[in-house]
Amino acid sequence: MMDRDSQYHYSTLPCSAPAALPGHTITVTLSDMGMTSMMSGTAPMGAHTNLQVAPSAVNAGQINLVAANKGWRVHELVILPLADGAVVGQRVPGSDGKVAEAASLGEGINAGTVGWTSVTLPPGRYELVCNLANHYEDGMRQELDVT
């Protein structure tokens, strides 16, 4: 059986984040499957998209999020706090295909590029998502635990 990750498009990136950033560094890989460079516009419902976080747990304090968009489409990285008892993937997108972004941090990353930002996060559980239309529901979400 083919590994699910091997089915996604991973482009070669012409840039990277600085080698030494203070604090904890988390790598976020954004990708999509079955799309080509000729695709544009809003991703349809059911499109195969992927967001991976490594590591998925870090200590509180300065956290550097290095987001590599290895897909064909523009993606974004949004940090949403998870309430006690909530699990990743439970948010309900609105009619625009996006989930509510109250108390969030985020930025867009063009296809084939790397973006990074440093944030200070207190202990808690967070949901990292791409919140462009339909991307959340198409699977671009993963938990980050900050202790």
Side-chain angles (χ1 to χ4, degrees), residues 1-11 13 16-17 21 23-147:
M1 176 175 234
M2 186 186 295
D3 177 19
R4 179 177 180 231
D5 291 339
S6 67
Q7 298 174 19
Y8 285 86
H9 168 77
Y10 291 104
S11 63
L13 301 174
S16 62
L21 293 169
H24 306 288
T25 297
I26 296 172
T27 301
V28 181
T29 303
L30 308 160
S31 58
D32 34 66
M33 182 176 80
M35 298 179 190
T36 70
S37 59
M38 302 302 288
M39 310 241 356
S40 62
T42 302
M45 286 297 300
H48 297 283
T49 58
N50 193 18
L51 184 151
Q52 294 180 340
V53 176
S56 60
V58 294
N59 292 326
Q62 183 174 328
I63 298 171
N64 307 298
L65 294 156
V66 178
N69 183 352
K70 296 185 174 185
W72 295 109
R73 293 184 183 275
V74 171
H75 291 294
E76 68 176 1
L77 179 60
V78 178
I79 307 166
L80 299 168
L82 271 171
D84 289 341
V87 297
V88 169
Q90 283 187 326
R91 298 174 197 269
V92 178
S95 60
D96 62 356
K98 300 178 181 184
V99 296
E101 291 188 7
S104 72
L105 302 168
E107 68 177 76
I109 301 108
N110 288 329
T113 65
V114 175
W116 62 92
T117 189
S118 295
V119 296
T120 300
L121 292 177
R125 296 171 48 244
Y126 299 87
E127 188 171 19
L128 302 184
V129 308
C130 176
N131 201 25
L132 296 178
N134 303 325
H135 290 212
Y136 180 85
E137 198 156 359
D138 284 344
M140 294 193 80
R141 56 191 184 259
Q142 189 170 347
E143 185 170 334
L144 172 65
D145 296 317
V146 178
T147 55

Holding to side-chain contact (heavy atoms from CB on, under 4.5 Å), I want the full list of residues that pass it with [X], two or more places apart in sequence or in another chain.
X      : result
Ala60  : Pro123, Val146
Ala86  : Leu82, Ala83, Gln90
Ser104 : Val78, Leu80, Glu101
Ser118 : Gln62, Asn64

Atom pair [atom1] ([X]) and [atom2] ([Y]), whose distance is rounded to the nearest 0.5 Å:
X      : Y      : atom1 : atom2 : result
Asp32  : His135 : CG    : NE2   : 7.5 Å
Leu128 : Ile79  : CG    : CD1   : 6.0 Å
Asn134 : Asp96  : CG    : CG    : 9.0 Å
Cys130 : Met140 : SG    : CE    : 4.5 Å

Item to check | Under 3.5 Å: donor-acceptor pair, side chain of Asn69, backbone of Gly112 | outcome: no
How about [X] and [Y]: do any of their side-chain heavy atoms sit closer than 4.5 Å?
X      : Y      : value
Ile26  : Ile63  : yes
Tyr126 : Leu121 : yes
Val66  : Val28  : no
Thr29  : Asn50  : no
Val74  : Ile109 : no

Item to check | With sequence neighbours excluded, residues passing side chain to side chain donor-acceptor pair (under 3.5 Å) with Asn59 | outcome: Thr147
Next on the checklist: Quick check: closest heavy atoms across Leu77 and Ala67, and the distance to 0.1 Å?
Outcome noted: CD2-CB, 4.0 Å
Item to check | Closest approach of Arg141 to Gly89 (non-hydrogen atoms, all atoms of both residues) | outcome: NE-CA, 3.1 Å
Next on the checklist: Show, in sequence, the C-alpha distance, side-chain angles and deciding distance for His75 and Asn110, and conclude whether the side chain to side chain donor-acceptor pair (under 3.5 Å) test is met.
Outcome noted: CA-CA 7 Å; His75 291 294; Asn110 288 329; over 6 Å; no
Next on the checklist: Enumerate the salt bridge (charged side-chain N to carboxylate O under 4.0 Å, His left out) contacts for residues 116-127, please, sequence neighbours excluded, ordered by first and then second residue.
Outcome noted: Arg91-Glu127, Arg125-Glu143
